[in-house]
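Throughout, numbering of the chain's residues begins at 1 and tracks the sequence.
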Amino acid sequence: MCRILARLTLVLFGFAFWITIGADGPLADEEIQRVDLELVLAVDASSSVSEEEFYLQMHGLATAFRHESVGQAILASGDLGIAVTLVQWADNRKQKISNHWRIIRTLEDAVAFADEVDQTPRIVEGGGTAIGGLIKYSLRQLNKNEYEGRRRVIDISGDGRTNQGIHPQRLKDAVLAEGVTVNGLAILNEDPAIGRYYKDFVISGTGAFVMSTTSYEDFAAAMLEKLVMEISGTPIAMIGLPQKSGQKESSGS
């Protein structure tokens with residue numbers, strides 16, 4: 001009798017386990033949406049960025065997404081669309097998603113996202129500059145979202161060097177292992193050498209590059225060119241220090 005009960009218990013346990021796997025396995029697969037690109041847009045909100053400068057970044061992003069060139073790049077990237085989220089960042093304690101993941105497939109989707117970004121308030125108020133912390137945070141967002149992209153990119157905008165937390169250079173192997181590309185948009189208003197810093201220590205991955213802008217007022221034009229290249233996967237061949245807004249330099253990888 002005891003043996004019969006033991007066997008019955010094992011059968012029931014196995015059946016329950018099979019039901020659980022059968023229910024959760026396919027459901028998890030169904031929840032994953034394939035996209036052509038997963039893109040984290042990271043906007044500097046540290047203490048070096050004034051309210052006006054922060055909103056120039058946000059308006060620059062919105063303006064870029066309204067531009068026909070970005071819309072055409074999205075259409076040309078593939079049939080699956082791109083998944084985009086926007087992160088505001090400062091120090092290791094201050095990284096927050098302000099615009100959650102969504103898929104953009106059409107020109108109308110891009111304009112709707114632009115309108116939302118234009119109305120998004122600042123939710124990170126000052127703090128230090130932790131680029132390494134931002135990269136770790138962004139990798140987590142890429143790994144836990146419901147999308148699977150053919151390419152995965154972290155797009156970092158900023159005007160300063162890391163002054164706390166892990167140095168971004170120490171994360172390059174982790175970024176490569178994840179198949180992620182980290183690109184930069186360096187704002188040179190306070191540090192003319194920030195473009196070189198981003199090239200040497202921040203960007204990583206296949207085809208990684210830095211673009212620069214001399215001021216926040218020119219941010220929109222540089223971001224437009226940068227987004228078109230990121231979305232379309234345009235190869236970067238130019239290597240050299242930027243001399244004016246919109247110029248770019250690659251990682252050489």
Side-chain angles (χ1 to χ4, degrees), residues 39-65 84-101 113-142 144-145 153-171 174-175 180 182-204 210-223 226-227 242 245:
L39 178 61
V40 177
L41 300 167
V43 173
D44 191 349
S46 62
S47 294
S48 64
V49 179
S50 69
E51 287 297 298
E52 179 184 5
E53 290 169 342
F54 172 81
Y55 286 108
L56 282 170
Q57 288 181 87
M58 297 294 280
H59 182 64
L61 268 171
T63 300
F65 271 95
V84 181
T85 190
L86 195 151
V87 173
Q88 298 178 26
W89 67 278
D91 61 38
N92 273 325
R93 303 163 299 167
K94 295 181 177 180
Q95 305 110 3
K96 294 182 180 179
I97 291 179
S98 61
N99 302 78
H100 290 276
W101 288 101
F113 179 66
D115 291 343
E116 180 183 311
V117 170
D118 239 351
Q119 299 300 316
T120 299
R122 185 172 187 167
I123 60 174
V124 171
E125 292 291 343
T129 301
I131 299 174
L134 166 67
I135 292 172
K136 290 175 64 177
Y137 179 85
S138 298
L139 287 174
R140 289 198 299 271
Q141 306 315 308
L142 288 168
K144 74 179 186 179
N145 68 22
V153 174
I154 301 170
D155 177 329
I156 303 174
S157 302
D159 68 1
R161 305 173 185 230
T162 290
N163 55 29
Q164 67 164 232
I166 188 170
H167 195 280
Q169 187 179 33
R170 294 176 58 190
L171 294 170
V175 170
V180 173
V182 177
N183 296 326
L185 201 170
I187 305 165
L188 312 181
N189 64 319
E190 294 188 357
D191 182 354
I194 197 66
R196 170 65 72 181
Y197 177 85
Y198 266 63
K199 179 180 183 294
D200 290 344
F201 303 121
V202 176
I203 67 171
S204 58
V210 179
M211 293 206 67
S212 67
T213 178
T214 54
S215 70
Y216 282 93
E217 286 74 16
D218 295 327
F219 182 90
M223 178 55 74
K226 186 168 185 286
L227 281 174
S245 295

If every non-hydrogen atom of [X] is compared with every non-hydrogen atom of [Y], which pair is closest and at what distance?
X      : Y      : answer
Ala90  : Gly126 : CB-O, 3.5 Å
Trp89  : Ala130 : CZ3-N, 3.9 Å
Ile194 : Ile187 : CG2-O, 3.6 Å
Asn99  : Thr85  : O-OG1, 2.7 Å
Gly128 : Ser46  : O-CB, 3.4 Å
Ala222 : Ser212 : CB-O, 4.0 Å

Between [atom1] of [X] and [atom2] of [Y], what distance do you get to the nearest 0.5 Å?
X      : Y      : atom1 : atom2 : result
Lys136 : Arg170 : NZ    : CZ    : 9.0 Å
Ile131 : Asp91  : CD1   : CG    : 12.5 Å
Gln141 : Leu134 : CD    : CG    : 10.0 Å
Arg196 : Asp191 : CZ    : CG    : 12.5 Å
Lys96  : Arg122 : NZ    : CZ    : 12.0 Å
Asp118 : Thr63  : CG    : OG1   : 6.5 Å

Would you check if [X] and [Y] make a side-chain contact, meaning some heavy-atom pair closer than 4.5 Å?
X      : Y      : result
Gln119 : Met58  : no
Leu185 : Tyr198 : no
Val49  : Gln88  : no
Val40  : Trp101 : yes
Leu139 : Ile154 : yes
Phe219 : His59  : no
Glu217 : Leu56  : yes
Leu41  : Leu227 : yes

Short question: side chain of [X], backbone of [Y] - any donor-acceptor pair under 3.5 Å?
X      : Y      : value
Asn163 : Thr129 : yes
Gln95  : Ile135 : no
Tyr197 : Thr162 : yes
Ser98  : Val87  : no
Asp44  : Asp159 : yes
Tyr137 : Asn92  : no

More than 12 heavy atoms from other groups under 6.0 Å of CD on Glu52: no

For side chain to side chain contact (heavy atoms under 4.5 Å, CB included), just list the numbers for Thr213 and Met223, CA-CA rounded to whole Å, side-chain angles, deciding distance to a tenth of an Å, and then say yes or no. CA-CA 9 Å; Thr213 178; Met223 178 55 74; over 6 Å; no

Tell me, with the steps shown, if Gln57 and Ser157 meet side-chain hydrogen bond (donor to acceptor under 3.5 Å, both in side chains). CA-CA 8 Å; Gln57 288 181 87; Ser157 302; 4.7 Å; no

Stepwise side chain to side chain contact (heavy atoms under 4.5 Å, CB included) check, Asn189 with Glu53: CA-CA 11 Å; Asn189 64 319; Glu53 290 169 342; 3.5 Å; yes

